[in-house]
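What you see is a predicted model; the values in this text were computed from it and never measured. Position 1 is the first residue of the sequence; numbering continues from there.
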Amino acid sequence: MEIQGNLYQNLIFAAQEYLDRTGHLPQDLSEFARDIGMAEDEIRTLFSSVEELHEGLIYHAVTLLNDALRQGAIAANAADPIAQLHAIADSYLAWAEGNPPLFRLLVTGLNGPIKPDSALHRYTSSMRDLYHRKLLEAKRLGILDESTDIEVATMMLHCIVKGGNMIFLTRSTDPWFDGETRSTVDLAKSIFSQFMDNMVRANAPRGRKLPENV
């Protein structure tokens, strides 16, 4: 098992290096085998196809991203779900900026058909649960009014994140960003912050005084 574990890890790291270098995954396993100097049969003991290698790399990316998001949540005020969502967003954007090929791989997958029981399906479902849970907590704490439609608020948050994802992927070819001097991370952070502030203000309990920065 130790040898198999090391082989799996080495192949995932090799696939990530290939992706970083070329911007895409190999066309087939024979190409991948030639590139990394390994026998194709040895690779096939763990990955029978490029699709399986792709799924393994997606799982690797999701694991790294989840670790970054967890650290962001830990650093935030545990008693403030809105502050936690801001911290998670900051960690997400920092990870996207630091891992562009893996981030592009994730976003491309999330924008296409997502297979049930895949790493992407588990990831996006867990993110929906996280958003939903934090918004419900904000409602329970009186940050959001009792009448707030949490289902709609969750979907709105999902849409704003998907839009932010696309800034990273398409900014260089999108004329909407002509003349914009802010970095992609700063721009996405500003968009997210304004959305959250406006959402909290629009759904604040009547008579509740909000902090100056909200």
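One side chain, Tyr18 or Glu31, offers a donor N or O that lies under 3.5 Å from an acceptor on the other. In this structure, a donor-acceptor pair under 3.5 Å is absent between the side chains of Ser126 and Asp129.
Summarising the local packing, CD of Glu151 is surrounded by more than 12 heavy atoms from other residues, nucleotides or ligands at distances under 6.0 Å. Counting heavy-atom neighbours within 6.0 Å of Asp178 CG, excluding the residue itself, gives a total above 12. Within a 6.0 Å radius of CE in Met155, no more than 12 heavy atoms belonging to other residues, nucleotides or ligands are found. Within a 6.0 Å radius of OH in Tyr59, other residues, nucleotides and ligands contribute 12 heavy atoms or fewer.
With hydrogens and angles disregarded, a donor-acceptor distance shorter than 3.5 Å links the side chain of Ser49 to the backbone of Glu52. No side-chain donor-acceptor contact under 3.5 Å links Ser125 to the backbone of Arg122. No donor-acceptor distance shorter than 3.5 angstrom exists from the side chain of Lys134 to the backbone of Leu85, with no hydrogens or angles considered. No donor-acceptor pair closer than 3.5 Å links the side chain of Asp145 to the backbone N or O of Thr148. Side-chain atoms of Thr124 never come within 3.5 Å of backbone atoms of Leu120 as a donor-acceptor pair (strictly under, hydrogens ignored). Checking side-chain atoms of Ser190 against main-chain N and O of Asp186 turns up no donor-acceptor pair under 3.5 Å. Side chain of Asn198 to backbone of Gln194: a donor-acceptor contact under 3.5 angstrom is found.
Residues Ile36 and Ile43 share a closest heavy-atom pair of CD1-CD1, 4.0 Å. Across Pro81 and Leu141, no two heavy atoms sit closer than the pair CD-CD1, 3.6 Å. Nearest heavy-atom pair across Arg70 and Asp67 is NH1-OD1, 2.8 Å.
Here the OG1-CD distance, from Thr184 to Glu97, works out to 8.0 Å after rounding to the nearest 0.5 Å. The distance from atom CD of Glu146 to atom CZ of Arg140, rounded to the nearest 0.5 Å, is 11.0 Å. Atom-to-atom distance recorded for Leu57:CG and Glu55:CD is 10.0 Å, nearest 0.5 angstrom. Taking CG of Leu29 as the start and CZ of Arg34 as the end, the distance is 11.0 Å to the nearest 0.5 Å. Distance check, rounded to the nearest 0.5 Å: CG of Leu65 to CG of Leu102 gives 10.0 Å.
Every residue was checked against the ring pair (Phe, Tyr, Trp, His ring centres under 6.0 Å) condition with Phe32, not counting sequence neighbours, and none meets it. Looking at residues two or more places apart in sequence or on another chain, you find a side chain to side chain contact (heavy atoms under 4.5 Å, CB included) between Gln71 and Ile74. Considering only residues two or more places apart in sequence or on other chains, Phe13 meets the ring pair (Phe, Tyr, Trp, His ring centres under 6.0 Å) condition with His60.
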Asn66 vs Thr63, test: side chain to side chain donor-acceptor pair (under 3.5 Å). Steps then yes/no. CA-CA 5 Å; Asn66 278 336; Thr63 300; over 6 Å; no
Decide side-chain contact (heavy atoms from CB on, under 4.5 Å) for Leu93 and Phe192; before the verdict, give the C-alpha distance in whole Å, the side-chain angles of both, and the deciding distance to 0.1 Å. CA-CA 10 Å; Leu93 293 171; Phe192 183 83; 5.6 Å; no
Candidate pair Phe103 and Tyr92, rule ring pair (Phe, Tyr, Trp, His ring centres under 6.0 Å), full reasoning: CA-CA 10 Å; Phe103 184 70; Tyr92 183 91; 5.8 Å; yes
